[in-house]
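Hydrogens, waters and symmetry mates are skipped; everything else that's a heavy atom, side chains included, is used.
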Protein chains: 2
Amino acid sequence: MSEYPKPDAIVDVVLLTLHADTLCVFLARRDREPFKGAWALPGGFIHVVDKDGVEEDEDVEDTARRVLREKVGIVAPYLEQLYTFSGRKRDDRGWTLSVCHFALVPGALLAAPAATGAETALFPVDMLPYDLPFDHEAMIAMAVRRVRGKSSYTSLPLFLLPEEFTLPELQDVYARVLDKEIPTSETKSFRRKILDQGFVEEIPGRMSTPRIGRPAQLYRASSDELSQVRPSAPLARIASAR
Amino acid sequence: MSEYPKPDAIVDVVLLTLHADTLCVFLARRDREPFKGAWALPGGFIHVVDKDGVEEDEDVEDTARRVLREKVGIVAPYLEQLYTFSGRKRDDRGWTLSVCHFALVPGALLAAPAATGAETALFPVDMLPYDLPFDHEAMIAMAVRRVRGKSSYTSLPLFLLPEEFTLPELQDVYARVLDKEIPTSETKSFRRKILDQGFVEEIPGRMSTPRIGRPAQLYRASSDELSQVRPSAPLARIASAR
DNA sequence: GAAATAGTGTCTCTGAGACAATATTTC
DNA sequence: GAAATATTGTCTCAGAGACACTATTTC
């Protein structure tokens with residue numbers, strides 16, 4: 001079709017989750033050269049066809065889902081294309097193009113060891129290993145930026161929580177994701193905003209069971225939130241920048 | 001490097017401008033199959049090397065700049081990567097991947113006929129020709145969405161204006177881009193926001209020279225705005241959604 | 001009852017929107 | 001002065017933040 005040589009086409013995935021109250025990224029040790037043995041984002045070539053010549057990936061999002069399935073062993077509840085990193089310099093082997101995606105999953109989903117044999121780990125996004133290969137560090141930085149940006153006016157952090165959660169838990173997740181304390185004085189305001197936007201719905205009669213203290217009402221994401229992140233009304237930010 | 005067949009890699013550009021007070025997209029008639037003769041976005045293959053085997057595009061943004069230079073004959077003051085459209089189905093010839101970009105230019109820049117021989121035209125974004133090839137219609141829709149979204153809290157529309165402009169002109173551009181009347185009652189509020197954010201700076205002593213009515217103070221984008229779109233403080237939207 | 005956590009009532013204050021008033025130009 | 005357009009002064013009102021107060025649990 002094209003008379004020109006084509007760049008190699010890759011998909012990398014920045015998988016984010018909340019672990020020990022910290023926003024973390026999933027990394028695995030590379031199982032091949034270059035940078036064999038180094039911590040890196042899960043990723044892989046776009047498979048127009050598989051090894052037997054049978055059609056495989058439908059589009060790049062499909063590639064991302066396959067990478068998550070094969071290299072992490074999960075199906076992520078939220079997956080979004082982030083940015084395409086490209087150029088002659090990013091990989092010593094030549095001109096490449098990586099359609100970077102990011103995914104959000106509840107912490108519990110990653111508790112089990114990865115399905116693959118590779119060594120994997122979660123790293124706090126501000127304590128990454130040195131010397132990440134290629135532009136993986138830039139990818140992570142951009143993914144975190146995007147998630148923080150969107151979280152300040154959408155229900156995106158819901159994807160980091162289990163199905164049932166309390167409003168104090170949700171408030172904490174927003175604080176962790178945005179890396180910004182929400183002072184107790186703003187609790188009322190936070191609840192007002194979340195409830196007014198209709199991001200969540202009360203689960204009638206279901207309460208948390210804390211070791212101590214008053215139990216909290218349990219909520220779930222409202223039915224339309226999980227399939228589609230609804231932006232709040234323009235003026236109503238979830239958390240202000242100060 | 002990869003043992004798999006690679007997808008073809010393309011860059012398409014959604015070039016937006018204001019023409020006759022309307023947000024318009026630049027289209028050119030295709031000069032080759034498929035869809036030869038149809039209106040389409042300017043675009044082209046990524047050139048890892050040129051016809052003589054010499055290195056050409058450095059990265060996809062470089063490809064986009066080359067497309068704008070070769071097919072439109074301009075250097076766009078604002079260029080941003082939008083989204084990568086991909087898959088087996090979007091082009092009958094096979095699995096392709098188009099790293100779509102969008103560009104903003106002042107209307108005057110496109111007044112001269114394109115440098116190339118191809119027939120070109122500006123179409124209002126809500127009056128596109130039928131049967132745009134591939135997913136060009138989705139690309140335009142997404143670009144317009146992105147520009148509208150960003151314009152509501154950044155100085156992005158400044159790139160659609162000439163170097164010197166008045167605040168009433170700027171207000172009109174915001175209204176056109178957002179496709180939303182800004183009532184006269186909000187003029188004060190609009191000026192407050194634009195001025196408070198520091199998006200623009202007064203050009204001392206320079207006034208517009210209208211045929212009739214009071215002349216208006218001329219402004220220019222503040223020095224840092226043209227190289228970098230600065231988002232406004234989270235709570236201060238330029239124009240509310242109502 | 002004390003400690004711990006959840007949840008509410010209500011005041012203040014900022015900033016967006018409304019709109020009347022004023023300013024500067026051409027004819 | 002009339003028409004046209006630019007620019008400002010200032011009121012109102014909604015909503016975010018502050019914070020004291022109430023509620024519900026374990027020990």
Could you write out each protein N or O paired with an N or O of nucleotides 20-27 of chain D at a distance under 3.5 Å?
from: dA23(D); atom 1: N3; to: Arg214(A); atom 2: NH1; distance (Å): 3.0
from: dT24(D); atom 1: O4'; to: Arg214(A); atom 2: NE; distance (Å): 3.4

When you compare the protein's N or O atoms with those of nucleotides 8-10 of chain C, which come within less than 3.5 Å of each other, and at what distance?
from: dG9(C); atom 1: N7; to: Lys188(A); atom 2: NZ; distance (Å): 2.9

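Residues satisfying the ring-ring contact (aromatic ring centres under 6.0 Å, His included) criterion with His136(B), sequence neighbours excluded, are Phe134(B). Applying the side chain to side chain donor-acceptor pair (under 3.5 Å) rule to Arg29(B) yields the partners Glu119(B); only residues at least two apart in sequence or on another chain are considered. With sequence neighbours excluded, the residues satisfying side chain to side chain contact (heavy atoms under 4.5 Å, CB included) with Ala175(B) are Ile182(B). Among residues two or more places apart in sequence or in another chain, the side chain to side chain contact (heavy atoms under 4.5 Å, CB included) test is passed with Leu161(B) by Phe165(B), Leu170(B), Val173(B). Residues that satisfy the side chain to side chain contact (heavy atoms under 4.5 Å, CB included) test with Ala28(A), not counting sequence neighbours, are Phe26(A), Thr120(A). When the side chain to side chain donor-acceptor pair (under 3.5 Å) test is applied to Arg146(B), the partners found at least two apart in sequence or on another chain are Glu80(B). Residues satisfying the side chain to side chain contact (heavy atoms under 4.5 Å, CB included) criterion with Ala138(B), sequence neighbours excluded, are Phe85(B), Asp135(B). For Asp21(B), the side chain to side chain donor-acceptor pair (under 3.5 Å) test picks out Arg176(B), with sequence neighbours left out.
One can place CG of Leu167(A) at 10 Å from C1' of dG7(C), the figure rounded to the nearest angstrom. Rounded to an integer number of Å, the gap from CD of Gln171(B) to P of dT7(D) is 11 Å. A straight line from CG of Leu218(B) to P of dA6(D) spans 12 Å, rounded to a whole angstrom. If you measure from atom CD of Glu202(B) to atom P of dT8(D), you get 9 Å, rounded to the nearest angstrom. Atom C1' of nucleotide dG15(D) and atom CD of Gln197(A) are separated by 12 Å, given to the nearest angstrom. Rounded to a whole Å, the CD atom of Glu186(B) is 16 Å from the C1' atom of dA20(C). For the pair Glu169(A) CD and dT5(C) P, the interatomic distance rounds to 13 Å; values are reported in whole Å. Tyr219(B) places its OH atom 6 Å from the P atom of dT7(D), with the value rounded to the nearest Å.
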(message) Quick one, Leu79(A) with Leu68(A), criterion side-chain contact (heavy atoms from CB on, under 4.5 Å). Give me CA distance, side-chain angles, the key distance, then yes/no.
(response) CA-CA 10 Å; Leu79(A) 176 64; Leu68(A) 285 173; 4.3 Å; yes
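By the 30° and 60° cut-offs, the orientation of the rings of Tyr174(A) relative to Phe190(A) is perpendicular.
Axis angle, first five pairs versus last five pairs of the helix from dG1(C)-dC27(D) to dC27(C)-dG1(D): 10°, rounded to 10°.
The side chain of Ser189(A) lies closest to dG17(D), out of dG17(D), dG7(C), dT7(D). The side chain of Lys193(A) lies closest to dA16(D) when the candidates are dG17(C), dG7(C), dA16(D).
OP1 or OP2 of dA18(C) lies within a sub-4.0 Å distance of a side-chain N or O belonging to Ser185(B).
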Under 3.5 Å, side-chain donor or acceptor atoms of residues 212-219 of chain B against the rest of the protein: list the pairs with distances, not counting sequence neighbours.
from: Gln217(B); atom 1: NE2; to: Ile203(B); atom 2: O; distance (Å): 2.8
from: Gln217(B); atom 1: NE2; to: Arg206(B); atom 2: O; distance (Å): 3.1

